[in-house]
Amino acid sequence: MKNCPQCGADNDKIICEQVFHTILSMEPDSPKLQSEHFKTVACYIIQHPAIYTDEAIKALVSALRDNLNHNVSVSEILKRHSRIFEGTKRVRKNEGAAFVQKKWSMTIRDCCVTNDCESTSDNIVKWAKSIVNDWGAV
Ligand SMILES: [Zn+2]
């Protein structure tokens, strides 16, 4: 069995990145799944942080927590964290820097249900909550 070096999920038959792209490709078919787009991307990055700085990941966890627990809208989050979420200005780690691997109760592999956008988006919300819980206080 081969595990994802970043999130620890079983990557034997399919890798996390493929699952991530599968979920994104399902979004146009489902407004519900589309509305969880921020969570999908944030969760994926938090569990695959190798190219991001610790600061960027911490900010993302706190944005995810605000979105889940305090109903802070995605547009407000983007405003607060624009520096981090502007694709071209991502703060990247120095090459070769080590990343922290945590023990996660859910990974992207637990989220994607083939051809079922409804269940997949419910799973994304569960995944986001589990990440905030696993992370603890920042
Ligand atoms: Zn992974």
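One-based numbering, in listed order, for ligands and for the atoms of each.
Applying the salt bridge (charged side-chain N to carboxylate O under 4.0 Å, His left out) rule to pairs touching residues 6-15 yields nothing, sequence neighbours excluded.
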Show me, pair by pair, the donor-acceptor contacts under 3.5 angstrom made by side chains of residues 38-50, not counting sequence neighbours?
unit_1	atom_1	unit_2	atom_2	d
K39	NZ	E36	OE1	2.7
K39	NZ	N67	OD1	3.3
T40	OG1	E36	O	3.1
Q47	OE1	W127	NE1	3.3
Q47	NE2	M106	O	2.8
H48	ND1	Y44	O	2.9

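N123 contributes atom CG, which lies 11.0 Å from atom CD1 of I108 (distance to the nearest 0.5 angstrom).
In E76, the CD atom is crowded: over 12 heavy atoms of neighbouring residues, nucleotides or ligands sit closer than 6.0 Å. Other residues, nucleotides and ligands place more than 12 heavy atoms under 6.0 Å from the CG atom of N69.
Taking D122 as the reference, K32 meet the salt bridge (Lys or Arg N to Asp or Glu O under 4.0 Å) condition, with sequence neighbours excluded.
Counting only distances under 2.8 Å, and ignoring water, the protein N, O or S atoms around the Zn ion (ligand 1) are C4 SG, C7 SG, C16 SG, H48 NE2.
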